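Shown next, in structure tokens, is the structure this report addresses.
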Amino acid sequence: MELNGEEQYLDCLRKILKNGTLIPNRTGVAAYVVPHMMLQHDMSLGFPLLTTKKMAWKSIRVELEGFIKGITDKAWYKERGCNIWNEWCNPKKIPAGLNDAEKKAFQLQENDLGKIYGSVWRNFNSENYDQLQKIVQTLKTNPTDRRMVCSAWNPLVLDQQALPPCHVLWHVTVAPEDTLNLCWFQRSVDFLLGEPFNLASYALLLHLLCKESGLKEGIVTGMLSNCHIYENHVEAVFTQLQRDPLPLAKIQTPQFTSIFDWTYDQTSLLDYKSHGKIGAEIAV
């Protein structure tokens, strides 16, 4: 059986629409929820950037570069054309006593995102423990190690994060002996807007780790817990499901020197063709 991430993704959309339970949540927009799904993609089939809608490839790369570098300044992302963090900021910076409109306005102009993903990846619990560096070293010195885990979830700093991490940890394993595979666990999954982004981002991270270690690209897997489609996204999902997937693109990073020096513009997309963009509001 071929592990094609886009085909599995579309199957998950169908299952959520068919079997999901409509449940209210903190955003004020109810969502159809199904627990515990899995997505897998074999990188030999191509890069899993969805073709049934046009994807924000630049934003995916910029955000991952920011995570790898531990960037927590919203302005850094915005300057590079990545606007997905615009609505949020470090909650510790928000003054007390603001109404909802004032709070939203403040979050738009405040650039401190707090201890988001990259901050925890590179400096866990502010104790100079660099999880990413440790994994890279282990891949080069002891690639059969089964403890190459990077966690973004730190309960001690949740109140300092623009958003508590949705994808809370990732793990890499070498099997067969020349092939690297990546698995991530996600507690909360916005299936229309978030999951396609996450799948491509972790596939790109696997690509970079393989460039760093000299290993082959294997399988990228998402273990997904609260899988949901927001009520106001249903029409957009139906639109996407009416489209047939196109052949997957490929990526290349010819000038690679180190994952820690990598910049988003060093990785390019080859032969990407897609259907048009599908717009939908983010549930904040």
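For the numbers below, each heavy atom of this structure counts, side chains included, while hydrogens, waters and symmetry mates do not. The shown structure was predicted, so the numbers you read here are calculated from the model rather than taken from an experiment.
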Exercise. Kindly give the heavy-atom pair with the smallest separation between Gln161 and Ala152, and that separation in Å.
Key: NE2-O, 3.9 Å
Practice problem: Answer whether the closest heavy-atom distance between the side chains of Glu63 and Ile84 falls below 4.5 Å. | Solution: yes
Self-check item: Leu50 side chain near Leu10 side chain, heavy-atom distance below 4.5 Å
Solution: no
Quiz item: Under the 3.5 angstrom rule, does the side chain of Asn25 hit a backbone N or O of Val29 as a donor-acceptor pair?
Solution: yes
Quiz item: Can we say Asp100 and Lys103 salt-bridge, meaning some charged N sits less than 4.0 Å from an Asp/Glu carboxylate O?
Solution: no
Quiz item: If you take all heavy atoms of Ser188 and Cys166, which pair is closest and at what distance?
Solution: O-CB, 3.5 Å
Quiz item: Does Ile60 reach the side chain of Leu49, with side-chain heavy atoms less than 4.5 Å apart?
Solution: yes
Quiz item: Of all heavy-atom pairs between His233 and Leu193, which one has the smallest distance, and what is that distance?
Solution: CE1-CD1, 3.7 Å
Exercise. For residues 202-226, pull every pair meeting side-chain hydrogen bond (donor to acceptor under 3.5 Å, both in side chains), keeping only residues two or more places apart or in separate chains.
Key: Gln40-Thr221, Lys140-Glu212, His167-Tyr202, Asp178-Lys216, His207-Glu217, His207-Thr253, Asn226-His228
Practice problem: Spell out, yes or no, whether Ile116 and Ile282 are grouped together once hydrophobic residues are joined by side-chain heavy atoms under 4.5 Å, including indirect joins. | Solution: yes
Quiz item: Is the count of non-hydrogen atoms from other residues, nucleotides or ligands lying under 6.0 Å from Asn83 atom CG greater than 12?
Solution: yes
Exercise. Return yes if some donor-acceptor pair links the side-chain N/O of Asn181 with the main-chain N/O of Ala175 below 3.5 Å, else return no.
Key: yes
Practice problem: Assess whether side chain to side chain contact (heavy atoms under 4.5 Å, CB included) is satisfied between Val174 and Thr144, documenting all intermediate values. | Solution: CA-CA 6 Å; Val174 176; Thr144 60; 5.7 Å; no
Quiz item: Has the side chain of Arg187 got a donor or acceptor atom that lies under 3.5 Å from a matching backbone atom of Pro165?
Solution: yes
Quiz item: Are Trp184 and Val149 connected in a single hydrophobic cluster, I mean Ile/Leu/Val/Met/Phe/Trp/Tyr linked by side-chain heavy atoms less than 4.5 Å apart?
Solution: no
Self-check item: Thr52: which of His275, Gln240, Glu7, Arg243 passes side-chain hydrogen bond (donor to acceptor under 3.5 Å, both in side chains)
Solution: Gln240
Quiz item: What pair of heavy atoms forms the shortest contact from Gly5 to Leu39, and how long is it?
Solution: O-CD2, 4.1 Å
Quiz item: Do Tyr9 side-chain atoms and Glu195 backbone N/O form a donor-acceptor pair below 3.5 Å?
Solution: no
Quiz item: To the nearest 0.5 Å, what is the distance between CD1 (Ile259) and CG (Leu208)?
Solution: 5.0 Å
Exercise. In sequence, state the C-alpha distance, the side-chain angles, and the governing distance for Thr173 and Cys183, and then conclude on side chain to side chain contact (heavy atoms under 4.5 Å, CB included).
Key: CA-CA 8 Å; Thr173 188; Cys183 179; over 6 Å; no
Quiz item: Quick one: do Met223 and Val220 end up in the same hydrophobic cluster if we chain Ile, Leu, Val, Met, Phe, Trp and Tyr together by side-chain heavy atoms under 4.5 Å apart?
Solution: no
Quiz item: In Å and rounded to the nearest 0.5 Å, what is the OG to CE distance from Ser274 to Met55?
Solution: 9.5 Å
Self-check item: Gln109 CD: over 12 foreign heavy atoms closer than 6.0 Å
Solution: yes
Quiz item: What about the rings of Phe185 and Trp153, do their centers lie closer together than 6.0 Å?
Solution: no
Exercise. Using a strict cut-off of less than 4.0 Å between a Lys/Arg side-chain nitrogen and an Asp/Glu carboxylate oxygen, indicate whether Lys92 and Asp159 qualify as a salt bridge.
Key: yes
Quiz item: Do His41 side-chain atoms and Gly222 backbone N/O form a donor-acceptor pair below 3.5 Å?
Solution: no
Quiz item: Does Lys273 use its side chain to pair, donor to acceptor, with the backbone of Pro247 at less than 3.5 Å?
Solution: no
Exercise. Return yes when atom NZ of Lys134 has more than 12 non-hydrogen atoms of other residues, nucleotides or ligands closer than 6.0 Å, and no otherwise.
Key: no
Quiz item: Quick one: does Asn123's side chain have a donor or acceptor within less than 3.5 Å of a partner on Asn128's backbone?
Solution: yes
Exercise. Output yes when a side-chain donor or acceptor of Gln160 lies under 3.5 Å from a complementary backbone atom of Val157, and no otherwise.
Key: no
Quiz item: How close do Leu108 and Lys78 get, heavy atom to heavy atom, and via which atoms?
Solution: O-NZ, 4.5 Å
Practice problem: Verify side chain to side chain contact (heavy atoms under 4.5 Å, CB included) between Leu241 and Arg14, making sure each step is shown before the conclusion. | Solution: CA-CA 8 Å; Leu241 288 174; Arg14 295 184 186 99; 3.9 Å; yes
Quiz item: Atom CG in Leu270, atom CG in Leu248: separation rounded to 0.5 Å?
Solution: 13.0 Å
Quiz item: Given side chains that start at C-beta, do those of Val234 and Leu17 come closer than 4.5 Å, heavy atoms only?
Solution: yes
Self-check item: Cys227 to His36 - nearest heavy-atom pair and separation
Solution: SG-N, 4.5 Å
Quiz item: Are Tyr230 and Ile16 connected, step by step, through hydrophobic side chains (Ile, Leu, Val, Met, Phe, Trp, Tyr) whose heavy atoms are closer than 4.5 Å?
Solution: no
Quiz item: Excluding sequence neighbours, so at least two apart, what forms side chain to side chain donor-acceptor pair (under 3.5 Å) with Thr179?
Solution: none
Quiz item: Should we say atom CZ of Phe238 is surrounded by more than 12 heavy atoms from elsewhere, each under 6.0 Å from it?
Solution: no
Quiz item: Between the side chains of Asn232 and Glu281, is a donor N or O closer than 3.5 angstrom to an acceptor N or O?
Solution: no
Quiz prompt | Any donor-acceptor N/O pair, Gln255 side chain to Gln266 backbone, under 3.5 Å | solution = no
Exercise. Please check if Leu205 and Leu139 belong to a single hydrophobic cluster, counting links between Ile, Leu, Val, Met, Phe, Trp and Tyr side chain heavy atoms closer than 4.5 Å.
Key: yes
Quiz item: Roughly how far apart are Ile229 CD1 and Leu192 CG, rounded to 0.5 Å?
Solution: 7.5 Å
Quiz item: Below 6.0 angstrom between ring centroids: does that apply to Trp85 and Trp76?
Solution: no
Quiz item: When Trp57 is tested against each of Tyr272, Phe47, Tyr264, Phe197 for ring-ring contact (aromatic ring centres under 6.0 Å, His included), which residue passes?
Solution: Phe47
Quiz item: Taking C-beta and beyond as the side chain, do Leu98 and Lys104 meet within less than 4.5 Å on heavy atoms?
Solution: no
Practice problem: Determine, stepwise, if the pair Leu132 / Phe67 fulfils side chain to side chain contact (heavy atoms under 4.5 Å, CB included). | Solution: CA-CA 10 Å; Leu132 180 59; Phe67 289 176; over 6 Å; no
Practice problem: Supply the atom-to-atom distance Ser59 OG to Leu64 CG, rounded to the nearest 0.5 angstrom. | Solution: 12.5 Å
Quiz prompt | Flag side-chain contact, heavy atom, 4.5 Å: Ile135 against Trp170 | solution = yes
Quiz item: Taking atom types as modelled and ignoring hydrogens, do the side chains of Ser151 and Gln131 form a donor-acceptor contact shorter than 3.5 angstrom?
Solution: no
Quiz item: Out of curiosity, Met37 CE to Asp11 CG, how far, rounded to the nearest 0.5 Å?
Solution: 9.0 Å
Quiz item: Any donor-acceptor pair under 3.5 Å linking the side chain of Asn125 with the backbone of Glu127?
Solution: no
Quiz item: Should Leu269 and Lys58 count as side-chain neighbours, where that means a heavy-atom distance under 4.5 Å?
Solution: no
Practice problem: May I ask you to test the Leu180-Met148 pair for a side-chain heavy-atom distance under 4.5 Å? | Solution: no
